[in-house]
Each structure stands twice: as C-alpha cells, then as structure tokens.
J.: 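This is the structure I want to talk about, given as structure tokens.
Every number for a ligand or one of its atoms is a count from 1 in the order of the listing. A quick note: this is a predicted structure, and the numbers were derived from the prediction, not measured.
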Amino acid sequence: MSVQFTILGSGSSGNCAYVETAEARILVDAGFSPLQIRKRLATIGRTPENLSGILITHEHSDHIAGLLGLADKFQIPVFCNRDTQEATVWALKTKWLSKKSSPPEGSDSTEHLKAKINWQLFTTGAGFEIGDVSIETFSIPHDAQDPVGFLLRTARGNIGFATDLGYTTKLVLDRIRAANVLVLESNHDVKMLQDCPRRAWSLKQRILGRHGHLSNVAAAETAAQIMSAGLRHLYLAHLSRECNKPELAQHIMAEQLHHIGATHVRLQLAAQDVPCETLEL
Ligand SMILES: [Zn+2]
Ligand SMILES: [Zn+2]
C-alpha cells in the first residue's frame, strides 16, 4: 500500500499535516480548530475519529490549537515530551481562563486536562513506533520548552519535519539528511521583516534570533547542506504572511536547487489556508 502525505496547512495561524500508511494515520501538530481540522481532513476523504496518533512538536498555539476537542473526544493518543505536555496543558488552561465563555468541562483544571488526554510521552532524542511507522525525534532551537522535529520512517520513504527553528544545528542537519520528503521552514525575508512597520523591535529580534524562525536564505543554505540523491520532495512551510511572499521564498530556494544541481527535487510551497495536494509515495 502506498503512503499518503498531505500538509493540511502551515503558517503562523496554524500547522497540521497528515500521514497515512497501511497501519497508521498520524497528524503532525494540531494547530487549527477541531472543526477546521475536520474540514481539511474531509477534503481528502478522512475523519479525525480513527486517527492513530497526534505528534506535537511544541506548545505554541499554532501547533496545538485543536488538541482539545480532538484528542480528548476521540481518545487519540498524543505523542510529545514531558515539558511540552506541561506547557501545552498550561497553554490550554490559560486559553480558556482568558475567555469569557465557559470552558469545556474540566478544561479549567490542570489535573483534569492532563487526565482527559491519552498522553504518550517520549524523551527527546528517543524513537518510538505507531503501527508500521518508526518515528525519530530531535531537538530544535526555538523559544518553547522542549521543541522537536520529527523524522517519520515509512516503508515507502522518510518524511522529515523541521519548522519553527532559529537555525539548523548539526543534529538537525544529520537527522533531516535522511529525508525523502522534507517539510522545511522558510519563514521570512530578513529585509521584509526588518522593514515591517507592524512588528515591534522586540518581536523582530525574537524571530531573527537563534530561537526564532528560519529565513528564506537560511532555508536555502540548509537545503545545500543536507542535499542527497534521496531527497525527492521539498515543501517550504511556515511562511510569514506579512514578512514573506510565496514567490520570493520559492525563487530563493529554486535558485539554490539550480545552483547545487539538485534538479531531482520537486519544490512545493505549503499554504496557510488550503491543504497541499496529497503526495503518494
Ligand atoms: Zn509555529
Ligand atoms: Zn513556534
């Protein structure tokens, strides 16, 4: 059976991707509302009910916004490390406390929130399996408690995820080098970010910092460092709406691929509002 891969959406307003193999149906991050995730899964004829697991990279809302209402309702196992679990529970609780509307039952208490979800905790750096998929985890530099990237090893190829990182460490490069399909952050154009009038200086510093986000140029440099004959599909992801342009991100990476002779790589952009076309491996 083929392996199917669909980025349901990516950007600072939400991130979620879907991987399906013979024995597993996995979401990587759940950064849209439960309804929105349901709608986007429906575009590929899938529903959240029979997911085998949700992998969480880190606790920022654009990666966990739909966790409550999805994972608890259908008792879908949630895979993350302990610090991310703690921070996620805190973030979900704070979100409901800050709203005037009454929260779903139990979501106002840390212990209730912990008990509602079927957490499957891993140690960063350790691997685990969901059905026929082997998952490797690796630390990434980002301003969250213990953020990770993933490499999903399937019978038809390896799918790597490296978004939300200030720079690519040697460890990150080593891990994503094995990818046949790579989702790589290309967050901003440095000049557009520096010139952006709607962003405070402190926020710009955060994004540009070593625990922020990868720029278009940094993504292109990363591609050159990890290029292999095995990399077939490269998705640029987590593009900033205000401080990037899809055609600019595409152009910089396409130039790089041309420059290093990586003509075998199919380059695509992940969008915020619509799912990417499903990739069959
Ligand atoms: Zn993010
Ligand atoms: Zn983040």
J.: How many angstroms lie between atom OG1 of T154 and atom CE of M1, to the nearest 0.5 angstrom?
T.: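 The CE atom of M1 is 10.5 Å from OG1 of T154, to the nearest 0.5 Å.
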J.: Please round to the nearest 0.5 Å and tell me the distance separating atom CD of E49 and atom CG of L70.
T.: 8.5 Å
J.: Quick test of your reading of the model: are R206 and D143 salt-bridged, counting only N-O distances below 4.0 Å?
T.: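 So R206 pairs with D143 through a salt bridge.
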J.: If I take every N, O or S atom of H58, is at least one of them less than 2.8 Å from the Zn ion (ligand 1)?
T.: no
J.: Are F150 and I140 grouped together when hydrophobic residues (ILVMFWY) are joined by side-chain heavy atoms under 4.5 angstrom apart?
T.: no
J.: What is the name of the N/O/S atom of D62 that is nearest to the Zn ion (ligand 1)?
T.: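 Of all N, O or S atoms in D62, the Zn ion (ligand 1) lies closest to OD2.
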J.: Report, rounded to 10°, the angle at the Zn ion (ligand 1) between the two atoms NE2 (H238) and NE2 (H63).
T.: 110°
J.: Specify which N/O/S atom of H142 comes nearest to the Zn ion (ligand 2), by atom name.
T.: NE2
J.: Among the N/O/S atoms of D164, select the one at the shortest distance from the Zn ion (ligand 2) and name it.
T.: OD2
J.: Aromatic ring centroids of H264 and H233 under 6.0 Å?
T.: no
J.: As a test of reading the structure, name the N/O/S atom of H60 that is nearest the Zn ion (ligand 2).
T.: ND1
